[in-house]
Amino acid sequence: MTTSQDAMTARSADRPAEDRPGLRRLLDGPAAAWAGLAVRLGLAAVWAWAGLAKISDPAEAAQAVRAYRLLPESLVKPVGYGLPFLELALGLLLLVGLGTRIAAFLSGVLLLVFIAGISSVWARGLTIDCGCFGGGGQVAASQTKYLQEILRDSGFLLLAAWLVWKPRSRVSADGWLAA
């Protein structure tokens, strides 16, 4: 960066968000807090949907975990039975905006685990439904959707990354507690 660019960046950082040029205004201004709300609620809806779809049938959730063939049998039931509660807890935290950065970070870790699991199944030639939103288990080879599932979870990962980077959003318990 040149000296004049350094000076421009410094001057831009000293200005109020609404006076900053272009993208900086969007990322630092009031729109960022509204975008954060949309991202937070969107990710909360994903976790709530995933958790609610699995919580009513823990045996099916455990079968979905078993289908990945990654965990020892002694861990299949605890993970299958516990995962919906973790997903619902993350969804609730994000919904109310409490511990947003931590919930988003944990969401990102969980999404990376899901992406790795789906990638592993795909690489090993297994034919399963991911079980991400209920169901799961063996399916015909023509019914696998690994690329779509990885891309979907990567999109959710971007949402989580946004909230780790910019956890402040409108209508959040974090905001009320900080005030």
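No experiment lies behind these values; they were computed from the predicted model shown.
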Main-chain N/O of [Y] paired with [X] side-chain donor or acceptor, under 3.5 Å:
{"X": "Ser169", "Y": "Ala33", "answer": "no"}
{"X": "Arg40", "Y": "Leu94", "answer": "yes"}
{"X": "Arg66", "Y": "Glu73", "answer": "no"}
{"X": "Asp129", "Y": "Gly137", "answer": "no"}
{"X": "Arg101", "Y": "Pro167", "answer": "no"}

Do [X] and [Y] come within less than 4.5 Å of each other through their side chains, counting heavy atoms only?
{"X": "Ser119", "Y": "Arg124", "answer": "no"}
{"X": "Ser172", "Y": "Val96", "answer": "no"}
{"X": "Thr144", "Y": "Ile128", "answer": "no"}

Discussion item. With side-chain contact (heavy atoms from CB on, under 4.5 Å) as the test, pick out the partner of Asp153 among Leu112, Ile115, Leu110, Val113.
Written reply: Ile115
Mind listing the closest non-hydrogen atom pair of [X] and [Y] along with its distance?
{"X": "Ala160", "Y": "Gly108", "result": "CB-N, 3.9 Å"}
{"X": "Leu93", "Y": "Ala103", "result": "CB-CB, 4.1 Å"}
{"X": "Pro84", "Y": "Gly51", "result": "CB-O, 3.6 Å"}

Give a yes or no on whether [X] atom [atom1] has more than 12 heavy-atom contacts from other residues, nucleotides or ligands under 6.0 Å away.
{"X": "Tyr146", "atom1": "OH", "result": "yes"}
{"X": "Ile102", "atom1": "CD1", "result": "no"}
{"X": "Arg168", "atom1": "CZ", "result": "no"}

Item to complete: Inspect the contact between Glu60 and Lys54 and indicate whether a charged nitrogen and a carboxylate oxygen are less than 4.0 angstrom apart.
Response: no
